[in-house]
Amino acid sequence: LITGIVAVLAVLFLIGIINNSPKQVRTIILAGASPEGRYTKTMLHLAKYLQKIFGKKYQFITRTSDGSVQNIRDIQTGKAHIALVQEDVAHYFYQGGHSILKVDHKSDNQVKAVCFLFWEYLFIFALPEKKDLSHLHYVHIGSLYSGSGVTVINLRDQLQHPWEFDTTG
């Protein structure tokens with residue numbers, strides 16, 4: 001319940017910021033991730049809810065993306081107004097220092113509001129003979145631009161394992 005309240009308050013704050021023309025209907029784009037994923041389903045529900053409340057002034061539409069990295073870039077460029085982004089991607093976006101997130105963090109920041117919704121976990125599945133992470137040589141991470149991809153790259157770099165990545169969907 002608290003998470004939902006925080007999310008709605010964040011959206012209300014964002015709507016106040018991007019409201020440039022109160023007399024005409026404004027389109028608000030919500031970015032999820034893969035078509036069948038939780039991010040996209042969450043955004044579909046959020047768009048439906050917001051449409052009920054603000055439908056006279058705004059049209060809320062959802063779209064899919066490659067994940068958190070694309071979402072934060074799309075917020076930067078105005079291709080999306082509201083997006084879900086994994087915490088570590090948001091952290092590197094604000095702090096800098098990540099090879100995938102190439103953004104001028106100090107002067108080019110278009111992100112206006114951020115709220116924390118829920119924890120996400122990284123699960124690594126391996127064959128039984130792989131006893132720990134150092135035994136892995138090849139790791140499938142999905143899209144390189146997803147939050148999970150960034151998380152696994154960070155884990156590899158912190159542990160200094162020579163993993164190779166499969167980024168096919």
Side-chain angles (χ1 to χ4, degrees), residues 1-11 13-14 29-47 62-169:
L1 178 63
I2 302 257
T3 301
I5 292 169
V6 171
V8 170
L9 290 175
V11 169
F13 176 71
L14 181 61
I29 301 168
L30 291 83
S34 65
E36 299 301 319
R38 288 184 303 151
Y39 278 25
T40 298
K41 289 177 183 177
T42 299
M43 290 311 232
L44 287 169
H45 290 293
L46 181 59
T62 60
R63 65 161 187 75
T64 59
S65 77
D66 287 335
S68 293
V69 175
Q70 181 183 349
N71 286 352
I72 208 155
R73 285 181 175 167
D74 286 352
I75 290 283
Q76 277 293 100
T77 61
K79 293 178 184 173
H81 301 101
I82 301 170
L84 291 177
V85 177
Q86 281 188 210
E87 186 275 333
D88 55 348
V89 174
H91 168 79
Y92 282 109
F93 172 77
Y94 282 109
Q95 300 300 318
H98 199 280
S99 59
I100 295 175
L101 299 171
K102 295 177 180 154
V103 176
D104 182 353
H105 307 282
K106 304 234 186 301
S107 64
D108 193 27
N109 187 353
Q110 300 298 316
V111 176
K112 304 293 186 195
V114 175
C115 68
F116 185 81
L117 294 177
F118 48 84
W119 286 102
E120 289 195 353
Y121 298 92
L122 174 66
F123 294 96
I124 298 177
F125 298 94
L127 297 172
E129 62 268 14
K130 306 293 183 183
K131 301 298 183 196
D132 63 44
L133 294 176
S134 66
H135 295 142
L136 300 177
H137 301 288
Y138 196 73
V139 179
H140 174 78
I141 63 171
S143 171
L144 184 60
Y145 298 103
S146 71
S148 298
V150 171
T151 301
V152 174
I153 290 169
N154 291 339
L155 180 63
R156 178 201 62 187
D157 293 349
Q158 289 172 13
L159 298 174
Q160 298 181 342
H161 290 310
W163 298 339
E164 291 183 40
F165 295 126
D166 173 6
T167 59
T168 60

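Note that CG of N154 is 10.5 Å distant from CG of L159, once rounded to the nearest 0.5 Å. With rounding to the nearest 0.5 Å, the separation of CZ in R156 from CG in L133 is 13.5 Å. Between T62 atom OG1 and I82 atom CD1 the span is 11.5 Å, to the nearest 0.5 Å. To the nearest 0.5 Å, atom NE2 of residue H137 and atom NE2 of residue H161 are 10.5 Å apart. We find the NZ-OG distance between K41 and S34 to be 8.5 Å, quoted to the nearest 0.5 Å.
Between W163 and F165, the ring planes lie perpendicular to each other; the angle is over 60°, past the 30° to 60° tilted range.
In this structure, the side chain of H81 engages the main chain of I29 through a donor-acceptor pair within 3.5 Å. Under the 3.5 Å distance criterion, the side-chain polar atoms of T40 are left unmatched by any main-chain donor or acceptor of T64.
Contact of the V89 side chain with the N71 side chain is not registered, since no non-hydrogen atoms from C-beta on lie closer than 4.5 Å. Annotation: side chain of H45 is not in contact with side chain of T42 (no heavy-atom distance under 4.5 Å). Counting only heavy atoms from C-beta outward, the side chains of R38 and L84 never approach each other to under 4.5 Å. Y39 is not listed as a side-chain neighbour of S65, based on a closest heavy-atom distance of 4.5 Å or more. Using a 4.5 Å cut-off on side-chain heavy atoms (C-beta onward), V85 and I75 make no contact.
Considering every non-hydrogen atom in both G67 and A33, the closest pair reads CA-CB, 4.2 Å.
Under the rule for a salt bridge (Lys or Arg N to Asp or Glu O under 4.0 Å), the partners of D74 that lie at least two apart in sequence or sit in another chain are R63.
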